[in-house]
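Notes to accompany the following structure.
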Amino acid sequence: MLDITDLHANIDGKEILKGLSLHVKAGEVAAIMGPNGSGKSTLSYVVAGRAGYDVTSGSIMLNGEDILAMEANERAAKGIFLAFQYPLEIPGVTTMTFLKAAMNAQRKQRGEEELTTPDFIKRVRAAADKLGVSQDMLRRPLNVGFSGGEKKRMEVLQMVLLEPKIAILDETDSGLDIDALRIVAEGVNALRSPDRAFLVITHYQRLLEYIVPDSVHVQSAGRIVKSGDKELAHELEKNGYRDYVADAA
Amino acid sequence: MTPRPPAIRTKAETALAESFEQNRATMPGGDALRGQRARAFDVFHERGLPHRRIEAWHYTDLRNLMREAYPITQGAPAAAPASGLRIIIRDGVCTLPTGAPPAGLKLTTLRDALAGASDALIHALFPDQGADDAMVAFNAAMARDGVLIEIAPGAVIDEVIELDVTASGDAPHGDISRSLVLVGEGARASILESHAAPPKVQRNSAMIFAVGAGASLAHVFETCADSPELHVSTLIADVGKDARFESFAFVSAGEVLRRQGFVRGSGEGAKIALRGVNLLKAKQHADTTLVVDHAVPHGESRELFKTILDGEASCVFQGKVVVRPHAQKTDGGMKSQAILLSDDAAMYNKPELEIFADDVVCGHGATVGQLDADQIFYLMARGLPRAQAEGMIIEGFAREALEFVGNEAIRERLGAGLADWLARRAS
Ligand SMILES: Nc1ncnc2c1ncn2[C@@H]1O[C@H](COP(=O)(O)OP(=O)(O)OP(=O)(O)O)[C@@H](O)[C@H]1O
Ligand SMILES: [Mg+2]
């Protein structure tokens, strides 16, 4: 589904991704772990289409289609979703207004009918109830004054409503309390399906106990330096990254 | 000793002085009023049109902007509006609605009120606040009409009192009006002041409010799609004990607009809120210059202005909060925030605090920036095309101020005006 091959990307003249390759199949949950500053968020931004990166070589294909020339919104409409490590606050725009605009913008770009208001509200209610997102949060401006954990929950709510083909979760577990972690993981698990893939970026094995990955990848200094199954996460938890950091250097 | 250069020297200043001379004999009102007008004209005559060396007018140099003064003319009164609580001031002449106003509300044209004006009325109509400003003085000297709105003590007027200030005809001309709103103790009312005009109109309008103890007045100022080419709008308010005065300005039309406010909290516990949204493009220029004067303890004031500038537009926010020596426990907060959508737009922020009391909480903040690239990316990553993402951020930015408009119908209408402005920008 998502094929990243020998990706090199710079920002402000500094190379952050240095020949990164990663292949995620439909239905797969892939986990990426790696030390701070190894370029995990950078990878997620480059895949989602943030401006400012200079991809000097390599490719990113979604279901066989090259996405590198697409704007971020086109990629979203094609089914790429990024749950941000640091979700942005949008003052003055209520969460409901934003959700409706996002859902309909994607539908429009795919040539689908816009949602009717009752249908939209029904969907939001159902998803919000499952994820423990309060009505009050939905009425407030998007992410403004939300706690760290509330922001992460809001990211998952958006993922559930936008029904992406591939969801990249960038440290969605950080800032969540124990109950929220379980609720969020259940939300992800409920979305698992043979035609949807996940790329879960995390520092902690704990999340991977709830969302059991099919593959685990170690990213270090802008490359994937080791891939394995879920046992690799256990090993990292025990030994840290020292073997792989040394490899990369 | 070198003689001072005469203040009146430009073509426009000469024309304004001549129009005063032509009109003075036929102005309504008795001797006391005539004396008042003559003194006001002297102030104008001494100062001339405000220019950049006058600090309060530094960024809006009228001597430069008003190369020509259009003749000040009075038309025939407009036809009375058939329904609603709508007052029309067209070409400086007031027309009242035909229907009986709600209980507790009395409307009089200023020309009628002036015919037998008491000293108290004259005093209320020509307060000392702002009196030494040349344009306020010119307005005082020249205004023949406007509306006198009297709200009886304790009256609650639910219906919005609409004041449509407009002009007729294609010939370039100037119009002048002055209106007075007297809010009795404990009364409540809201006023919507809308400004419209054909292309070539210069306007000098003044609204004067006296808000009695415990009363509450909400005022909204808006520009309509076709607004005066040049408009000096003055707001003067005196806010009594435990009274509340709120004024909101929605500015999106007009070429040059100077809004100046002189607001005084004269009773303990007076609450003052001045807010607004400026949406400017092309070569539009809007200036908001405010003086909020806390004369007694326990006053509160809030200013919040949100400005969006495109093209070569320019905007000024000058806010001065004065806290007098005895005005302890004053709580003042002032904010002006601007987003520049173009490299050629300019925002001038000048917040000022003059605090002479020691036990007060006063703060101010002014920001000028561009749209935030991270916010844009966040929305685009959710599927919004760039233009829609930008529009949503701008709209949210302005809505943070719009939310303070208490009247739902007006708030929604202004919200629609905002959406419309954004849509036209995107297209
Ligand atoms: N604009 C920039 N200019 C230069 N270096 C940058 C820029 N933005 C990010 N970097 C650097 O890129 C590197 C990778 O950052 P990134 O956020 O992708 O790391 P990460 O793996 O997500 O780290 P963490 O685990 O802490 O979230 C860091 O060293 C960071 O300082
Ligand atoms: Mg990161």
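These numbers come from the heavy atoms of this one structure, side chains and all, not from hydrogens, waters or symmetry mates. Every value quoted in this text rests on a predicted model; they were computed, and no experiment measured them. The sequence lines fix the lettering, A, B, ..., with proteins before strands; numbering per chain opens at 1.
Contacts with chain A were tallied for B:Arg382, B:Arg399, B:Glu400; B:Arg382 has the most, counting heavy-atom pairs under 4.5 Å. Across A:Pro164, A:Ala51, A:Ala101, the residue that shares the most heavy-atom pairs under 4.5 angstrom with chain B is A:Ala101. Ranked by heavy-atom pairs under 4.5 Å with chain B, the first of A:Tyr45, A:Phe81, A:Phe84 is A:Phe84. Your options are A:Ala102, A:Gly52, A:Pro91, and the one with the most heavy-atom pairs under 4.5 Å with chain B is A:Pro91.
Taken to the nearest 0.5 Å, the CD1 atom of B:Ile376 stands 9.5 Å off from the CD1 atom of A:Ile90.
For residues 311-319 of chain B, heavy-atom neighbours of chain A at less than 4.5 Å comprise no residues at all.
The shortest distance between side-chain heavy atoms of A:Asn73 and B:Leu384 does not fall below 4.5 Å.
The aromatic ring centres of A:Tyr86 and B:Tyr378 sit 6.0 Å or more apart.
When the shell of 6.0 Å around CZ of A:Arg125 is examined, it contains 12 or fewer heavy atoms from other residues, nucleotides or ligands. In A:Asp136, the CG atom is crowded: over 12 heavy atoms of neighbouring residues, nucleotides or ligands sit closer than 6.0 Å. Other residues, nucleotides and ligands contribute over 12 non-hydrogen atoms within 6.0 Å of the OH atom of B:Tyr59. Annotation: B:Lys335, atom NZ; neighbour count of heavy atoms from other residues, nucleotides and ligands within 6.0 Å does not exceed 12. For B:Lys281, the NZ atom sits in a packed shell: over 12 heavy atoms of surrounding residues, nucleotides or ligands are nearer than 6.0 Å. Applying the 6.0 Å contact sphere to NZ of A:Lys151 captures more than 12 heavy atoms from other residues, nucleotides or ligands. Annotation for A:Arg107: atom CZ counts as buried by contact number, over 12 foreign heavy atoms lying within 6.0 Å. More than 12 non-hydrogen atoms from other residues, nucleotides or ligands lie less than 6.0 angstrom from NZ of B:Lys350.
Between the side chain of B:Gln375 and the backbone N or O of A:Glu89 there is at least one donor-acceptor pair closer than 3.5 Å. A donor-acceptor distance shorter than 3.5 angstrom exists from the side chain of A:Gln109 to the backbone of B:Gly383, with no hydrogens or angles considered.
Residue pairs satisfying the ring pair (Phe, Tyr, Trp, His ring centres under 6.0 Å) criterion with at least one member in residues 390-425 of chain B, sequence neighbours excluded, are absent.
Residues B:Ala381 and A:Ala76 approach most closely at O-CB, 3.3 Å, considering heavy atoms.
Looking at A:Pro87, the atoms closer than 4.5 Å to chain B (heavy atoms on both sides) sit in the backbone and in the side chain alike. Both the backbone and the side chain of A:Arg50 have a heavy atom closer than 4.5 Å to some heavy atom of chain B. Only the side chain of A:Leu142 comes within contact range of chain B, judged by heavy atoms closer than 4.5 Å.
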| task | Starting from the C-alpha separation in whole Å, work towards a yes-or-no answer on side chain to side chain contact (heavy atoms under 4.5 Å, CB included) for A:Val93 and B:Glu395. | result | CA-CA 8 Å; A:Val93 178; B:Glu395 187 168 344; 5.9 Å; no
